[in-house]
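Here, residue 1 is the first one in the sequence, and each next residue gets the next number.
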Amino acid sequence: MAAAVAPARVFLEVRTRLQSALLILGDPREGGMPLEVSVTPFSLRMQTPAGCTELWLPAEVRLVPSSCRGLRHVAGEGLHLRLQARAEVCRKLFSVFNQSSQAQECYTFYCQSCGEVIIKDRKLQRVLPLPAENWAALVDEWCCHPIPFANKPLHPRDNDCFTGDSFFLVNLRSDLQQPRPEVAPAETCCFSSENHLKLTPKANTKVICKRCKVMLGETMSSETTKFYMTEIIIQPSERHFPIIPRSQFVQSVIAQCLVELSSARSTFRFTVQGHDGKVYILLWLLNSDSLVIESLESSTSIQKFPLLENLPKADSSSAWNAIKILYQPCIKSRNEKLASSWESDISVHCLTLPSATCLELLLILSRSNAALPQSLRCMNSFQVAFLKM
């Protein structure tokens, strides 16, 4: 019986701003085999003694075959080459980042993990971004008199939603369906005569989903609750709960958050810490204009990229928009000195997420890194990964 033909690998990263692409074509068979490659603006064709594989590019991506340069062979991976590329991609953002333009509507807050309704039919009259964490110090530098509102927390009213870097602040009213609060064992609490939970000044109350017990946020005061963007989906009440794979949702929210912060504050280094205050990951944003296409399948017939086949039908002809990042894990006392230096650096921005989500993100990054060709997995002692937008 003849041995099964090993699949040919194709990896293509297009930089939309630079109009350039890195293309890796190879055959994993040990020792290699003759490989004839044809590059057209619309497709890639690989001919080996075992058969022919032709892969069509998404409609918005066009290569310039005459610009091929830097051709080299990397052992274990195959042919590397660079060429010009043209790509026209429209990035689609989750609605949670565009709430301000849709105020005055009724919204329902869902648990992203299971679809449980957290807040139902909340009319948001104001959706406002919170200032930076050090806003009071900045204002103090510009004022010649004491600031009466300095160091005072900002609490939303009944129909407000304040947006932070990675969270929402909302006012939970007694007539709304609320998630069940779970008080940390080390803290104390008491109930008033109206049977409302009153927290001591140092209390740290986690808000969890009634159904799946996932941590959704934290109570900031007796009325104000912080919900993390990675745990909540906010939709207009007339729409149904959107089923989005957990990994895809976390990647998109984190990627968009990093892009927003890098654009608004010109910061490209981030620490990701859990709600327990521990640093889990160091992130360094390299670029936000990558378009990644990858295929591991081989066939004698024309194939579409398996990466694209996992997308909804409406997006089946689109490639993945992604950000490219460097990262270092900080769990189990790894990279302690580097993490300490980043924490004390004012140019590094801190993102706080539930600790379980930090571990999810680290797993996503590790899987992305492991899926890259070996020569692309490391850069300057950091690990490389892509987060899909």
Side-chain angles (χ1 to χ4, degrees), residues 5-30 32-33 35-48 50 52-65 67-87 89 251 255 286-299 302-311 317-327 364-379 382-389:
V5 178
R9 170 151 198 177
V10 177
F11 176 87
L12 178 66
E13 180 192 0
V14 179
R15 295 289 306 278
T16 56
R17 290 178 189 153
L18 300 179
Q19 297 289 289
S20 65
L22 169 64
L23 177 61
I24 299 178
L25 300 169
D27 188 278
R29 183 187 290 266
E30 195 69 30
M33 64 167 56
L35 177 65
E36 182 179 329
V37 180
S38 298
V39 180
T40 74
F42 312 99
S43 66
L44 304 170
R45 182 184 178 90
M46 291 165 289
Q47 180 76 47
T48 68
C52 176
T53 301
E54 189 168 9
L55 302 172
W56 290 92
L57 299 174
E60 62 269 29
V61 178
R62 291 292 179 266
L63 301 178
V64 182
S67 65
C68 291
R69 65 189 186 279
L71 179 63
R72 62 191 179 97
H73 181 268
V74 177
E77 294 183 10
L79 297 177
H80 287 225
L81 65 149
R82 293 187 177 274
L83 64 166
Q84 294 179 9
R86 300 185 179 92
V89 180
Q251 287 187 72
L286 281 184
N287 62 268
S288 58
D289 66 335
S290 289
L291 213 163
V292 180
I293 304 169
E294 185 177 21
S295 174
L296 292 173
E297 302 217 334
S298 178
S299 171
I302 294 177
Q303 295 275 330
K304 282 193 174 182
F305 294 96
L307 183 65
L308 309 179
E309 294 171 357
N310 295 329
L311 292 173
S317 62
S318 300
W320 288 111
N321 296 299
I323 64 171
K324 188 175 184 179
I325 59 176
L326 305 180
Y327 75 96
I364 291 170
L365 294 172
S366 300
R367 287 179 173 175
S368 173
N369 178 264
L372 293 175
Q374 186 70 36
S375 61
L376 303 183
R377 295 179 186 176
C378 294
M379 183 183 297
F382 278 75
Q383 299 179 64
V384 181
F386 289 91
L387 289 180
K388 302 169 185 174
M389 299 188 70

Nearest heavy-atom approach of Pro373 to Ile24 is CG-CD1, 3.6 Å
When rounded to the nearest 0.5 Å, the distance separating CG of Leu83 from OG of Ser67 is 4.5 Å
Going through the distances and angles, do Asn321 and Thr16 end up as a side chain to side chain contact (heavy atoms under 4.5 Å, CB included)? CA-CA 10 Å; Asn321 296 299; Thr16 56; 5.8 Å; no
From the list Val384, Leu22, Asn369, side chain to side chain contact (heavy atoms under 4.5 Å, CB included) with Leu376 holds only for Leu22
*side chain to side chain contact (heavy atoms under 4.5 Å, CB included) evaluation trace for Ser288 with Arg17*: CA-CA 9 Å; Ser288 58; Arg17 290 178 189 153; 3.5 Å; yes
*Leu12 side chain reached by Leu291 side chain, heavy atoms, under 4.5 Å*: no
Q | Within-4.5 Å side-chain heavy-atom neighbours: Gln84 and Gln19 | A | no
To the nearest 0.5 Å, atom CG of Leu387 lies from atom CG of Leu365 at 5.5 Å
Query raised in the report: Do the side chain of Ser290 and the main chain of Val292 share a donor and acceptor less than 3.5 angstrom apart?
Result: no
### Message
Please check if the number of heavy atoms outside Arg377 that lie under 6.0 Å from its CZ is greater than 12.
### Response
yes
Nearest heavy-atom approach of Glu294 to Ala371 is OE2-O, 3.2 Å
Shortest non-hydrogen pair, Glu77 vs Ser375, comes out as OE2-N, 2.5 Å
When you look at CZ of Arg62, are more than 12 heavy atoms from neighbouring residues, nucleotides or ligands closer to it than 6.0 Å? yes
Value for CZ (Phe11) from CG (Leu25), rounded to nearest 0.5 Å, stands at 12.0 Å
| request: Would you please test Met46 and Leu55 for side chain to side chain contact (heavy atoms under 4.5 Å, CB included) and show each step? | output: CA-CA 9 Å; Met46 291 165 289; Leu55 302 172; 4.0 Å; yes
Is it true that a side-chain atom of Ser20 and a backbone atom of Arg15 form a donor plus acceptor pair closer than 3.5 Å? no
Determine whether a donor-acceptor pair (N or O, by modelled atom type, separation under 3.5 Å) exists between the side chain of Gln251 and the backbone of Lys388.
yes
Separation between CD (Glu13) and CD1 (Ile293), nearest 0.5 Å, reads 11.0 Å
To the nearest 0.5 Å, atom CG of Leu71 lies from atom CG of Leu81 at 6.0 Å
OH of Tyr327 to CG of Leu286, rounded to nearest 0.5 Å, is 13.0 Å
